[in-house]
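Note sheet for the following structure.
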Amino acid sequence: STLAQSDGAAGEVTLEDPLITNHRVGRKGGRLVTALRAEPSTFNPVVALNIPSQTVIRRMTANLIRINRKTQETEAALAKTWDTSSDGRRFTIYLRRGVRFSDGHQFDADDVVFSFELYLNPEVASPIRDLLVIGDKPVRVKKIDRFTIEFELPEPLAAGERLFDGIAMLPKHILKDSYIRGEIGSAWSLDTAEKEIVGLGPFRMKEYLPGSRCVLERNPHYWKYDQEGNRLPYLDELVFVFVPDQSAHVIRFQAGDTDIIDRVSSENFLILKRQSRRSAYRLRDLGPGTIYSFLFFNLNVTSGKDRQSLRDKQSWFRDLSFRKAVSAAIDRQGVVKLAYRGLASPLASHVTPGVARWVNSELSVQPRSIAVARDLLRQAGFRWNRAQKLVDKNGAVVEFSIITSSSNSQRLQMATIIQADLKELGMTVHVVPIEHRALIERITREYDFEASIMAFGGGDTDPNAQQTMLLSSGYLHFWHLGQTQPSTVWEAEIDRLMKEQVRTIDPVRRKQLFDSVQELMAENLPLILLVSPHILVGARGEIDNFNPAVLEHPTLWNVEELFWSQQRSE
Amino acid sequence: MTTEAELDDVSESLLSARGLRKRYTRRGGWSKPLAVQALDGVAVEVVSGSTVAVVGESGSGKSTLARCLALLERPDSGSIRFRGDDLLAANRRSVTAARRRIQMIFQDPASALDPRWTAAEIVGEPLRIRGRERARERRRQALGAMEQVGLLARWADRRPRELSGGQRQRLAIARALILEPEILILDEALSALDLSVQARIVNLLLDLQASRDLAYVFISHELSMVRYLADEVVVLQTGKVVERDTVAGVFNEPRHPHTRELLAATPVLERAAAGGG
Amino acid sequence: MRWIARRLLHGLLLLLGVSVLTFAFTEIAPGDYFDEMRLDPRISAETVEALRSRYGLDRPLHERYLRWLGSVLRGEFGHSFAYHTSVGSLLWVRARNTLLLTGLATGLAWLIAVPLGAWAAASKRRWVRALFGGGTSLLLAIPDILLALLFLLLAVRTGWFPVGGMASLDYPSFDAWGKVKDLVHHFALPVTAMTLATLPVLVRHVHASMSEVLRSPFLLSARGFGIPPRRLLFRYALPVAANPLISLFGHSVGSLLSASLLIEVVLSWPGIGPLLLESILARDVHVVIGAVLMSTVLLIVGNLLADVLLYAADPRIRVES
Amino acid sequence: MRRRRKILWAVVPLAALHGLVLLAEFFAPYHYATQNRMLPYAPPTPVHFFDQEGRFHRPFVYELVPDETGMGYREDLTRPCSIRFFVKGEPYRLLGLFSTDRHLLGVDEPARLLLLGTDGFGRDQLSRLLHGGRISLFAGFLAAALSLGIGLALGSLAGFYGRWIDAVIMRGAELFMALPWLYLLLGARAFLPLSISPVQTFLLLVSLIGTIGWARPARLIRGVVLSARERDYVLAAKGFGAGDSYLLGRHVLPQTLGVVYTQAALLIPLYILAEVTLSFLGLGVAEPEPSWGNMLGELQKYHVLTSYWWMFSPGLVLVVVFIVYHHLARKL
Amino acid sequence: MSSHAACGAREGEPEALLQVRDLAVHYVGAGGEEAAVLEEASFDLAVGETLGVLGESGGGKSTLALAVLGLLPPNGRVTAGRVSFHGRDLLRLSRRDLDQVRGDEASMIFQEPGVSLNPCMRAGDQVADVARVHRRWPAKRCREEARAMLELVGFDDSDGVFGAYPHQLSGGQKQRVVIAQALVCRPALLIADEPTASLDATTQAEIVALLRDLRQRLGLAMLFVSHDVALLHSLVDRMIVMYAGQIVESGSRDQVVLKPSHPYTRELLRCVPGGAEKGVGPGRPRLPTILGSPPDPARWPPGCRFEPRCPDRLESCGARRPEPRPAGDAGTVRCLLYDD
Ligand SMILES: Nc1ncnc2c1ncn2[C@@H]1O[C@H](COP(=O)(O)OP(=O)(O)OP(=O)(O)O)[C@@H](O)[C@H]1O
Ligand SMILES: Nc1ncnc2c1ncn2[C@@H]1O[C@H](COP(=O)(O)OP(=O)(O)OP(=O)(O)O)[C@@H](O)[C@H]1O
Ligand SMILES: [Mg+2]
Ligand SMILES: [Mg+2]
């Protein structure tokens, strides 16, 4: 394997082509404190999954190519430049020369090859691997010379270079041993010595205090410079304090214990806003992010006697008029007002307005109309009994349950609102909050539910990232999982469109294809879209270059550029 | 010293115990269990209509003997015969029947009465357990028994704590008598009472003995009372019988040094002129 | 001391039983740790299955149990799925933090409860009794969670106290005095909340057992020999009243790890409570079992401690050996 | 006599409370689930006696309308709306028996009588409080009864017969106290069908908790039984030929009543509160059904905690109820 | 009422050690009603003298003893009277000053030795502690003093006893430790409330012998409460007899026991089973008793309290309250029979 021909690396190279950034030049010094909702579970990019871990890891590591969170376009990172072959299957990446890891060791193609080997090895079972497996075949990586690598995709992939954003480059000299021992999964865990965690990001690990905080310090070997030739980052230290409770985040921000805050809930945002006149912080409502919440019905094919009542109800759920009526009855404005205090946007497409590049702007939000809903139901053969309850053709009373995750109060609120809305249609709805794992098990494995409210989002904005949900065979195709053949015409059509857009390199054509997909989704309502919450962030007024974006990580994506415009009085 | 052999030929005895042994182990959390030989081969013979007194210093096993004789505690070994039946080998039914014939008054009156019950309920309890009479009849009989021991009918609905010590003790006696037992075991039943009440109860006991042929096992450390009441005296010391004799024998010619010690220690009122009062 | 050996054996069996049953329980609860990944668009179902089998989640229960037992023998107490590390090291730090909080609070609560309860029991003044009864009733009646929330509100409104964390970021740079001040500052709120939560029960018990002892004749006798009131209360009555209190003390030692859950969560204390809750929700099974066993150990230790103390404090038990 | 009077001090308020809660539909001005989407987190409506000119009226309120900031509310002073008694409102079945639509209190349209303000859905907090008490109090009762029932049975068996029965039961109790029951609850929830009503689900889970909670009372009761069976009157009753069941029923168990009452008074509040923790795990009472536990749980939201003081009302009610229960426990 | 009529107050003698005048005590019952359980109790106790208190159970003997040293339970209250001890009125002393008297100049021991000792302190420490509190000696000296006292009360093995906990001692030993506690500061007065009632005969004899001996050696004055006539007669110099909260008779021991004046005393003495009445078999003669029962302390009869049970009652007895009057040599009696 690649490891066999290890350490053939030649001598030292000085940083010949640093990345020169283009932003306001800042001043060095200071410490930035921010809170994490949970403690990172690992510092190992190979196995890291949850947001807290990735938030920390991404400040300590770098990618070959990254997606600019603001423009949502790709830009050079460790790769100085890259070439894409005309069929979109082959990428040649030219590394910056003389880049060093935070321990001073030089970074070159061997590290890249090593990193991909880790990610791709099925034994390691890295969650990243799935990104690099396209149509059942993994990406091929080839070292051309010390600073050039060639990647070959098994199939053409539109916007394939976006893949590199999620893949951190790892130091071969540090991780080689544990990889050979087969213990890469538990390398760089929480009890690893701080010095051993080495990366290419703007910061490196200084101190980790279990349960309370982790402190990163400036990486002295970072490869970005500002226009005046100062090496980035500006900040001396970046501190993550672990604060499990949402409210506590706000409290600490208010108290000045933390300097930057993201993922503020709408209520808390309003509280902060009320006080911001008095205090020195800036709050930003970035508008809808990539998250879309939706109500969906169980359209899975189930067997077994105990599911008989579900199958009876599915005759309603499969009825498009029924779904349309439900959608028409939902007071999305009410949801925005009550569950998000106005800081959310009702949705027309499952692509949110936050993804400006891809959203189909032709689609419009369905206004609430009980009359329309009633008409739809009546035409579909539903009636109302004397007690004003909705009954179907067979005289069965329409009654179903909506399960939601008990740990998410917004979704619970939405369910409660929908419950009241549908009551006006004569439907009896039970809201059943259940604990998250139980919910997932019911939806993904047992298909034992009637309807549910969930939300998707995050990750890349590119349509490719939505395949798992949109393709009828996708494992996030929650309303009907495990299909070998598309079970409806429109699902077949979506499958076709999605497969086509993957292969289409032309961005305009791709957009057209994806617009059609959105239309089909909106017409057939497998997901009854609700709202997209706004991304709400805040930062202390003295933080300069603060340039939040809706993509992950909203406030720290450009942490190397942040600086204290005046030394904080302490 | 009396040997068991001496007792063997007493054939008309009502209750006879032989070779009673009882050992208690006290468990502290830490130490190894501590054993106390409370009874060590005790033999007692009770003839109907007679009074056997048991004396001895504190901790000599008097109460243990009483409980064993009343069949409320199982001795480790030995035999207890009531009217000739060996009760330690008998079945549950005959034990229950025998228990009703042998009643006991406990040393501590505070613990012997359920504080939640009224006087009439307490006295009527044995009837209730036997379950033959209806509630009204039970109460009637209970009131009768209370009257017998000099308790007023208007106290029938009081609870034990509302009665004085002497009254409580009398309540216990009334309760013990209601089943018309043949043997009554009194474990220091009179010690808590003052002189005049004590005298009243003693008189009652004597009357009952005369009219019903009741036998008593009388446990006490007040030797003057023992001397007055008992026919036979058994002296216990650390679980063993050290002397057994008639009252006259024990008081006039005590044989065992322990008995002599006991006698010498009791102050006796010089009555030379007291009668003239 | 054979007795201690027996108790320890007992404890060991209890631990074994608890671990077996806990394992069985985790089986009953729906879902497992890797289910969460099923919602992640980047991760395929195959990867999830691969991970599950890597951690042995596809094996039958008894096999998993034996594997876990093996790791206990190695001192690792299993492996945390979420934290990719051995449960032992993971739990230890949080347990320490929790013990710091609850230990301080429990100590403080006892320090207050004993004199307060004794004093109230001895006092003949009506208003003292009324105030005492009312005060403890009120404290007893305020649910822990409400108490914690009120303290949070206090901290937020006044800004006098930091919310969460055990020390400031700059802690290492402070001088000794600064360190002390900083610690007091951070500990004040959670420790007070915790103390107030445990106090009323303790005070009630002290009061009850002291009242009983104060009625006992030997105190009257001692009073008859002119022993002054304070000495009477603390030197004479308290050791005798200690008996039931020691069991209570054992109990409060036993619950050192579990008593502070709500307060830890609300006041963001980096203790074992939030971790346990998170692990239960995340089905990070070994962490849960580890935490449960840890508090069972404490339970056993508490009982043992109570017995030892009882032995030391009560000559009636001690001298017989 | 005095004792009885003191007990009355606890019993009367408790009885009144239970009455209020039982007849919640009548005392509550609105249905607990009626949302008023224009009035989320409205403060308690001020009740007035004097109008703008200072003239006295029967009590009346003004309609609340959102204020200029869009964050708060102000009174629409143009139109006073009188408070009336025995008004017609939403129909309901009283105690599940009579259909009626009369409510104790009401107010003229378009104002709403929100004496304790509203929650995030604009639902009347007072109405929810009254309804919520029904579930909470009942749940507390149910669970406590189960714990005590089982505890009494096992504890008295252990104490009375001792030996191996005692050993087995007490080891079991230790085990029970150490186990992480949340898992069992999660598991149990998974087994319950989704279609049964949230209240039933909750009560089932509460019963489970109650069943599990036997260990502590059992230990206490065992202690009492242990000392009670040593009493001479128990021995005496044996002397009258009494059997074990008589001794247990007549002499031993009555002794434990004190502990049982005290435990009941401590456990009921405990179990009422258990719901807060349960809600945390999604096992509490589901929306829109109110209970004191899930209403109190709202306070965990920072904005509710800091901004809407009237949302503390369930906490206050709970504290009062608990004080009364503790008082009762001490006097019994 | 007047102090001149004090029972047992002997004129012309040297100043008494303890002078009790018109002492009255009320108890507040559970229901709130008050009961006057002690009334008009007056007596003197000279240095080195032993006074026996005999009487009906519930007659107020313990109450009297407790009231003298201010040890009444919380629901008891002295409503009138004076207790002068060494010339100081104990009833007017503050708790602090009273504590200095108790255990130092006057001590009290109770009926049950088993419960009079602190179960959690070593016997010797309990004795030493009394010395420590009153004398403020260094600890070592206190211990020595305690050890000496333990020897004095008859422990040969004073070291062993010193380190023993109460439960390791027998009833008699415990009572002796209590006595040592009471005497370690060499008080002038010892009040003993039925100190031997719960002990068995041999132990009782030992304790009584000890008290007799100590009285001699330490010049101790004693107030000795008991209902055992024989015991009192063998121990005390003078006796008072109490019935229903009143002192009904007082006088020298022989006078009270051998020539009782008050009908109650006479009746009481008749109840004592003596050797004379012994008999064997069912034909045993019955013991004499006093008819009826004592009155309820909450509702005393208006006249003589013994009147309902008195064999010698006069017609006026039911209505007139008898006052104490002199009888015999330096005795008193409270009975209308002796009114002239
Ligand atoms: N249930 C028991 N458990 C352990 N030891 C006991 C028990 N009952 C009695 N003993 C012990 O047995 C011995 C004899 O006790 P018992 O009560 O029979 O004496 P006693 O002669 O009645 O004494 P007293 O005159 O004090 O009543 C004592 O040492 C006592 O401590
Ligand atoms: N704490 C108390 N509260 C109310 N009444 C009491 C209290 N203590 C004693 N008494 C009552 O006061 C009266 C006198 O009691 P005291 O104890 O002085 O009698 P005594 O002569 O010592 O009797 P005994 O010989 O039985 O000890 C009795 O009627 C008794 O019931
Ligand atoms: Mg005895
Ligand atoms: Mg007395």
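The sequence lines fix the lettering, A, B, ..., with proteins before strands; numbering per chain opens at 1. Values below: every heavy atom of this structure, side chains too, minus hydrogens, waters and symmetry copies.
- Counting heavy-atom pairs under 4.5 Å between each of A:I251, A:I403, A:L412 and chain D puts A:I251 at the top.
- Contact of A:N408 with chain D is not made at all, since no heavy-atom distance falls under 4.5 Å.
- With a 4.5 Å cut-off on non-hydrogen atoms, A:R442 touches chain D through its side chain but not through its backbone.
- The residue among A:Q413, A:E441, A:H436 with the most heavy atom pairs within less than 4.5 Å of chain D is A:Q413.
- To the nearest 0.5 Å, atom OG of residue A:S265 and atom NE2 of residue D:H303 are 6.0 Å apart.
- Listed in order of number, the residues of residues 117-132 of chain D that approach chain A to under 4.5 Å between heavy atoms are D:G120, D:F121, D:R123.
- To the nearest 0.5 angstrom, A:I271 atom CD1 is 5.5 Å from D:Y302 atom OH.
- With D:R37 contributing its side chain and A:I417 its backbone, the two residues share a donor-acceptor pair below 3.5 Å.
- With a 4.5 angstrom heavy-atom cutoff, D:T306 touches chain A only via side-chain atoms.
- The ring-ring contact (aromatic ring centres under 6.0 Å, His included) search around A:F296 returns A:F294, A:F449, not counting sequence neighbours.
- Side-chain contact check for D:Y41 and A:E267: no donor-acceptor pair (N or O, by modelled atom type) lies under 3.5 Å.
- The distance from the NE2 atom of A:H430 to the CD atom of D:E289 is 11.0 Å, given to the nearest 0.5 Å.
- No more than 12 heavy atoms of other residues, nucleotides or ligands lie within 6.0 Å of CZ in D:F141, so this atom counts as exposed by the packing criterion.
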